[in-house]
Amino acid sequence: MIETEKRVREAVRYLGFGRNEADERTLELIQQSFKDLEQEAGPKSICQIFDLNHTEDGRLVIGQMEIQSKSLSRNLKGCRRVVLFGATLGAGVDRLMRRISLTDMARAVVLQSCAAAMLEEYCDECQKKIAAELEEEHLYLRPRFSPGYGDFDICYQEPVVRMLNCAKTIGLTLTDSFMMTPTKSVTAVIGISTQKDRCPISGCEVCTKKDCEYRR
């Protein structure tokens with residue numbers, strides 16, 4: 001896991017403080033929430049590489065999945081392969097959040113933000129490992145791009161989960177409305193490029209390059 005100070009900053013950002021500093025009570029709740037999450041989380045991930053085809057009419061074809069998304073197409077410009085990725089913090093985190101929400105809503109809100117920060121942190125670690133393996137072949141990763149970003153419809157959660165067999169491999173399933181169970185989970189498409197583009201793994205949310213063609 002990344003250093004404590006950085007994960008606390010991420011939790012504060014998820015809580016919506018913006019540039020303002022969190023008060024002492026909130027910081028105490030954040031620290032306690034991370035301790036509770038460390039005890040309950042069982043992070044798991046799965047990934048698989050697929051060929052990517054760009055059709056003349058602008059569709060993206062990954063295996064049997066066809067995607068219509070201008071924002072994802074921009075992100076994957078020049079890529080011929082992608083990593084399909086899924087990750088979850090596990091059912092224990094859901095149980096913890098349900099239990100806390102019954103007795104302390106303020107703490108539950110902080111816990112939600114800390115869990116989101118922890119999930120992002122875990123995904124970053126997974127992506128670094130994937131990137132290190134691919135760089136041995138002089139291949140480089142684009143930023144993660146998840147269903148629900150831009151015009152990449154959330155319904156594409158379903159084929160990604162199915163293609164990775166997430167229910168069996170990491171215990172991740174979907175509701176009829178494409179919400180994930182456990183809730184602190186994520187799926188993503190990660191482009192594989194022969195070009196090494198300068199793009200921080202911390203993501204578009206903290207990047208100042210507003211005109212980047214790979215921006216989510």
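Quantities reported herein were computed from a predicted structural model and do not represent experimental measurements. Reckoned from all heavy atoms, side chains included, excluding hydrogens, waters and symmetry mates. Nothing fancy with the numbering, it's 1 onward along the sequence.
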Does the side chain of [Y] come within less than 4.5 Å of [X]'s, by heavy atoms?
{"X": "T187", "Y": "M180", "value": "yes"}
{"X": "C123", "Y": "V186", "value": "yes"}
{"X": "R74", "Y": "K70", "value": "yes"}
{"X": "T173", "Y": "V161", "value": "no"}
{"X": "D36", "Y": "R107", "value": "yes"}
{"X": "L76", "Y": "F145", "value": "no"}
{"X": "P143", "Y": "N75", "value": "yes"}
{"X": "E120", "Y": "Y14", "value": "yes"}

Measuring from [X]:[atom1] to [Y]:[atom2], what's the distance to the nearest 0.5 Å?
{"X": "C79", "Y": "N53", "atom1": "SG", "atom2": "CG", "value": "12.5 Å"}
{"X": "K168", "Y": "I46", "atom1": "NZ", "atom2": "CD1", "value": "11.5 Å"}
{"X": "F85", "Y": "I130", "atom1": "CZ", "atom2": "CD1", "value": "5.5 Å"}
{"X": "S177", "Y": "Q157", "atom1": "OG", "atom2": "CD", "value": "10.5 Å"}
{"X": "C126", "Y": "R144", "atom1": "SG", "atom2": "CZ", "value": "8.5 Å"}
{"X": "M118", "Y": "E10", "atom1": "CE", "atom2": "CD", "value": "13.0 Å"}

Cationic N near anionic O, under 4.0 Å, E5 to R9: yes
K6/D124 salt bridge by N-O under 4.0 Å criterion: no
Co-membership, hydrophobic cluster, residues [X] and [Y], 4.5 Å side-chain:
{"X": "F178", "Y": "Y156", "result": "no"}
{"X": "V189", "Y": "I154", "result": "no"}
{"X": "F152", "Y": "F50", "result": "yes"}

For R81, the option from L139, I190, L52 that meets side chain to side chain contact (heavy atoms under 4.5 Å, CB included): L139
Exercise: identify the closest heavy-atom pair between [X] and [Y]:
{"X": "L172", "Y": "A87", "value": "CD2-O, 4.4 Å"}
{"X": "S69", "Y": "D151", "value": "OG-OD1, 2.7 Å"}
{"X": "A108", "Y": "I100", "value": "N-CG2, 3.7 Å"}
{"X": "A22", "Y": "V12", "value": "CB-CG2, 4.0 Å"}
{"X": "S33", "Y": "V110", "value": "OG-CG1, 3.7 Å"}
{"X": "Y122", "Y": "T88", "value": "CE2-O, 4.4 Å"}

Verdict with reasoning, L134 to I49, per side chain to side chain contact (heavy atoms under 4.5 Å, CB included): CA-CA 11 Å; L134 288 173; I49 293 175; 4.1 Å; yes
E28/E24 under side chain to side chain contact (heavy atoms under 4.5 Å, CB included): CA gap, chis, key distance, verdict: CA-CA 6 Å; E28 290 176 355; E24 186 174 340; 3.6 Å; yes
Residue list, side chain to side chain contact (heavy atoms under 4.5 Å, CB included) with Y140, at least two apart or on another chain: E135, H138, K196
List the atom pairs, donor and acceptor, that lie under 3.5 Å between side-chain atoms in residues 56-67 and the rest of the protein, sequence neighbours left out.
{"unit_1": "D57", "atom_1": "OD1", "unit_2": "T55", "atom_2": "OG1", "d": "2.4"}
{"unit_1": "D57", "atom_1": "OD1", "unit_2": "R59", "atom_2": "NE", "d": "3.2"}
{"unit_1": "D57", "atom_1": "OD2", "unit_2": "R59", "atom_2": "NE", "d": "3.0"}
{"unit_1": "D57", "atom_1": "OD2", "unit_2": "R59", "atom_2": "NH2", "d": "3.4"}
{"unit_1": "R59", "atom_1": "NH1", "unit_2": "E66", "atom_2": "OE1", "d": "2.6"}

Derivation of the side chain to side chain contact (heavy atoms under 4.5 Å, CB included) call for R142 and S193: CA-CA 7 Å; R142 295 280 172 80; S193 175; 3.4 Å; yes
Stepwise side chain to side chain contact (heavy atoms under 4.5 Å, CB included) test for S71 and Y149: CA-CA 8 Å; S71 50; Y149 289 159; 5.9 Å; no
